[in-house]
2 protein chains.
Amino acid sequence: MIANRMKSLTPYVPGEQPQDGKYIKLNTNENPYPPAPAISKFLKEMDITNLKLYPEPTSVKLRTAIAEAEGLKPDNVFAGNGSDEVLSFIFYAFFDADFGPVLFPEFTYSFYPVYSAFYNIPFTKVSLKDDFSINIEDYLNRKTTGMIIPNPNAPTGVYLPINEIRRLLERFPSDRLVAIDEAYIAFGGESAAGLINEFDNLLVIRTFSKSSSLAGIRLGYALGNEKLIQALTTAKDSFNSYPVDYITQKCGELAVKDAEYGNDIAERIIATRKRFVAAASALGWEILPSMANFVFAKKPGRSGEEIYTRLKKQKILVRFFNKPGISDFVRITIGTDEEMETLLSAIKTF
Amino acid sequence: MIANRMKSLTPYVPGEQPQDGKYIKLNTNENPYPPAPAISKFLKEMDITNLKLYPEPTSVKLRTAIAEAEGLKPDNVFAGNGSDEVLSFIFYAFFDADFGPVLFPEFTYSFYPVYSAFYNIPFTKVSLKDDFSINIEDYLNRKTTGMIIPNPNAPTGVYLPINEIRRLLERFPSDRLVAIDEAYIAFGGESAAGLINEFDNLLVIRTFSKSSSLAGIRLGYALGNEKLIQALTTAKDSFNSYPVDYITQKCGELAVKDAEYGNDIAERIIATRKRFVAAASALGWEILPSMANFVFAKKPGRSGEEIYTRLKKQKILVRFFNKPGISDFVRITIGTDEEMETLLSAIKTF
């Protein structure tokens, strides 16, 4: 009864989401600040009679707001049920075994190999440099169906400068997709969205989960040439015509229109990150340079699992990855100053 | 750049969703009444700080509420981003070209062939009887990977009695899925959910879009043996771990817990349907017997498209299907008594 294609699946395992509220949650890169105040006002004043109707299937107002913020056209924007769904449609629409494997970094978002298995697409993990940075040369001169990298990368937090992405696009085959997953771009990096009008094979993926504090509503989007967006729309309309609900479309639109609030909380997180990195380094921790709302950190002599377990006992959740090469590290989300002080007190006892 | 698998797609086209509010919308089978009042209270009182966190990924409270209402266990319930997403995962998880084509009725939900193309699954359309009813004999003794039928069927509204579904399950291969899509079951039919503990190969699919007036939040679910539910969960977690957002989970839970309200509005729609069918029949319309919140109707001498066009000019939207065999019909959603009176006045001029 189970289809053969199910045999190759090893599902993605998201970070723990304890429902009892007793933990300081620094494990799933959520934003510690609330979403834009206009969202609260909207929800309080909303007429629930609107919910009886199907949502507008193309999220046109939301896409128009995003396009205006980016200096693009609505036809350059695709919206989905979280950037995870957007990424899934990207794997479906652009990556094909007949063209070669999809390329992504050895240590990166662990959903990429899962999507590959879901659609039966071979992949090649490309090594990082010793300092965990990406070397664009390693993605060139290969038989490939396309590539995807997060920038900054996760779980490392390491950023690839925009001029490197430009060099990559200039040399990567123009008929193969380059997907830049910018889930964490708001925390100090420069976006590749400015290159979209120049490179027809570039897709930039964003999420409202991190910088907009809206992980709970599930909203993400892709920016790119209108032909790429059309293909994503065709995939969506062959899977589920209305993935983005009425409330989510509206909340996303309000968050985009209050960019100042989003920038403000991103600045606060960047400042907290700096303070935390300085203080933890002073305690002998080694931390990769991060441009994200998390840091990838290790304490020499301890495994990531050991750090995770000790912190969990103190009601602090971080994430570790039981993989050779990164098993010494934990990924720590940047919370409020107060939360990071509590974490610092805890790690002082190590 | 576009993957070869995209070549075979012809996306589903949902009914029009005009955004100007100027139409009487009888084209997409939405409920004319607002959702349960508890949902309004929840949205007004909700703390938006909750939205900064990812939703609970398994929708456990919602699934528990549904299970209690159905006399099942939470492990018998799978929740998704609309029943369209649930259906998509069903096609992925259970239908396999190696086992044979998937079977569904000749005239049915037009998303089924779209899912088939999305996952490259062959299908066979099984003819309906002359009265548009389903003959279960036609689904037996065939090489097949499984079958899916809506009950009541759409766009016909015709209901297959529960004893026929039992007879089908008794004779269909026990290692092949039987999916009963009960989007419209609340409007007079008897659910097959009571057969789940008896038949391991039965999945029943439901939506909050119709009987719960919640098309705007995108929520659907499947009921079945826990092994089937596990397979759907594996598919979901390999596509998008958090398809059902925080607000949607909560609204669904509140709707399930106010079953009385849901039953009450369903009763009102059934009563309106009866009155409308009597009045339209008296005007010479031919209407298939419906157990849904819509009717499939024709006016001899006119095409479905002609009826659609004339009504649209009068600001009433219905849906027609430009397919041989049903091109004379329009599908008319049952609205409020007032809306149906307006429609009756309009068709009197034909």
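Chain A is the first sequence line, chain B the second, and so forth, proteins listed ahead of strands; every chain is numbered from 1.
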Got [X] and [Y] here, is their nearest side-chain heavy-atom distance under 4.5 Å?
{"X": "P14(B)", "Y": "Y54(A)", "answer": "no"}
{"X": "D245(A)", "Y": "I247(B)", "answer": "no"}
{"X": "S88(A)", "Y": "N240(B)", "answer": "no"}
{"X": "R218(A)", "Y": "R218(B)", "answer": "no"}
{"X": "P57(A)", "Y": "Q17(B)", "answer": "yes"}
{"X": "T234(B)", "Y": "I2(A)", "answer": "no"}
{"X": "M6(B)", "Y": "D96(A)", "answer": "no"}
{"X": "R5(B)", "Y": "I121(A)", "answer": "yes"}

Tell me, side chain or backbone of [X] under 4.5 Å from chain B's heavy atoms, or both, or neither?
{"X": "S212(A)", "result": "neither"}
{"X": "F118(A)", "result": "both"}
{"X": "K61(A)", "result": "neither"}
{"X": "D98(A)", "result": "side chain"}
{"X": "L219(A)", "result": "neither"}

Residue part contacting chain A, namely of [X], when any heavy atom lies under 4.5 Å:
{"X": "T233(B)", "result": "neither"}
{"X": "F89(B)", "result": "side chain"}
{"X": "D47(B)", "result": "neither"}
{"X": "F95(B)", "result": "backbone"}

Quickly, which of Y12(B), F111(B), F239(B) forms a side-chain contact (heavy atoms from CB on, under 4.5 Å) with F239(A)? Name it, please.
F239(B)
Can you see which heavy atom on L177(A) is nearest to which on M1(B), and at what distance?
N-SD, 3.7 Å
Closest heavy-atom pair and its distance - P11(A), S238(B)
CA-OG, 3.6 Å
Side-chain (K44(A)) to main-chain (K44(B)) donor-acceptor, under 3.5 angstrom
yes
Looking only at heavy atoms and a cut-off of under 4.5 Å, which of V114(A), L87(A), L9(A) has the most pairs with chain B?
L9(A)
